[in-house]
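Whatever order the structure lists them in is the order used to number ligands and atoms, beginning at 1.
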Amino acid sequence: MGDVLLTVHNLHVSYGPIRALKGLDLNVKKGEIVALLGANGAGKTTLLQSISGLLQPSDGQIFFKEEEITGKDPASIVKRKVIHVPEHRQVFGTLTVIDNLYLGAYHHYRTTGKRQIEEDLKRVFSLFPILEERKYQLAGTLSGGQQQMLAIARGVMAKPEVLLLDEPTLGLAPIVAKEVLELIRELNQTLGTTVLLIEQNVVSSLKIAHRAYVIAHGAIVKEGLAQELLHDHQVREAYLGQS
Ligand code: ATP
């Protein structure tokens, strides 16, 4: 793990009079899983949406590698392979599983070619065998956990350099949530995918992450190695009801 892929510097984002981010700083290095922790309304989703170009910051900068990407449009961020898997899955319910996966590769279809995309599909199916079993099923008929896996797998088809995952286990039964987090770890270990992860389950996310940041009221209030934060008494007090 070395090169910094993503740098956020002094980021300010507002919704009209509501200041959601107030000078936020963080970085994500190649090969890392970085977890973002924080209470409801702390600004986590706002941060991911700003990185992927869905929201315009009023101040501050975002860099991907050496290049400033602040305020660029979402399509050009996707082209740089910064891929956002938003909250609530958002798969195309009336399309089949396999068509959802092909859509993930849409932006690089012309440059990559069909053969490479079929290779990518094979690799995705080896990571997500349930999706291969159900490839001709309509995505809307999958279970919640399977739809979440499909949303992540579609992100993987886009060949991400950085995957931005917003609450991938939201609404899932604990055992399914555990499977989804295990898959994220596997993706990171086998493909080397770099991940910036918002996850409500603090302990589970710290267990798979390398580092973590705690956001409160739109700014970072704590950062460190995931293993250290797992044992930090402030974090335990705030999120686990223990000290
Ligand atoms: P959650 O876990 O609840 O999704 P979060 O940490 O992701 O929380 P954000 O959704 O980024 O937090 O919200 C940050 C702040 O911005 C909150 O005060 C929220 O009420 C406000 N906010 C978010 N979206 C909007 C919007 N579309 N319009 C107005 N205010 C918003």
Side-chain angles (χ1 to χ4, degrees), residues 6-28 32-62 64 69-74 77 82-91 144-145 147-148 151-152 155 162-174 176-178 180-181 184 194-209 211-224 226 229-230 232 234-241:
L6 205 58
T7 307
V8 174
H9 174 62
N10 189 33
L11 201 69
H12 290 258
V13 180
S14 296
Y15 299 94
I18 299 165
R19 295 177 61 212
L21 298 184
K22 302 169 196 161
L24 188 140
D25 293 282
L26 62 68
N27 64 66
V28 179
E32 282 189 311
I33 298 179
V34 173
L36 281 174
L37 314 178
N40 287 342
K44 305 178 299 294
T45 296
T46 302
L47 172 64
L48 292 203
Q49 293 188 335
S50 307
I51 295 170
S52 57
L54 296 167
L55 289 172
Q56 293 289 323
S58 54
D59 202 0
Q61 285 116 20
I62 303 168
F64 176 60
I69 57 167
T70 326
K72 288 201 184 295
D73 66 285
I77 306 282
V82 176
I83 305 298
H84 188 171
V85 179
E87 252 174 322
H88 310 304
R89 301 161 207 156
Q90 303 189 5
V91 295
Q147 287 191 28
Q148 188 57 65
I152 298 172
V162 182
L163 203 51
L164 308 172
L165 297 178
D166 195 343
E167 305 234 18
T169 69
L170 194 69
L172 301 182
V176 184
K178 206 169 157 211
V180 169
L181 288 175
I184 294 167
T194 305
V195 177
L196 180 55
L197 169 72
I198 300 180
E199 171 54 47
Q200 67 205 324
N201 189 328
V202 172
V203 173
S204 308
S205 63
L206 287 176
K207 281 188 180 157
I208 67 160
R211 286 191 304 126
Y213 289 88
V214 180
I215 306 187
H217 308 295
I220 302 297
V221 291
K222 201 177 247 302
E223 62 177 284
L229 291 182
L230 202 50
D232 182 282
Q234 257 181 318
V235 170
R236 298 187 75 84
E237 216 169 47
Y239 299 106
L240 310 176

What do the steps show when you test L47 against L11 for side chain to side chain contact (heavy atoms under 4.5 Å, CB included), and what is the final call?
CA-CA 9 Å; L47 172 64; L11 201 69; 4.1 Å; yes
Give a yes or no on whether K72 atom NZ has more than 12 heavy-atom contacts from other residues, nucleotides or ligands under 6.0 Å away.
yes
Distance in Å, I208 CD1 paired with E199 CD, rounded so as to fall on 0.5 Å steps:
7.5 Å
By the definition side chain to side chain contact (heavy atoms under 4.5 Å, CB included), identify the one residue from L37, I33, T169 that meets it with S205.
L37
Considering only heavy atoms, which protein residues lie less than 4.0 Å from any atom of ligand 1?
Y15, I18, A20, A39, N40, G41, A42, G43, K44, T45, T46, E87, E167
Got a second to check how far L6's CG is from E32's CD, nearest 0.5 Å?
10.5 Å
Test side chain to side chain contact (heavy atoms under 4.5 Å, CB included) on L163 and T194; report intermediate values, then the result.
CA-CA 6 Å; L163 203 51; T194 305; over 6 Å; no
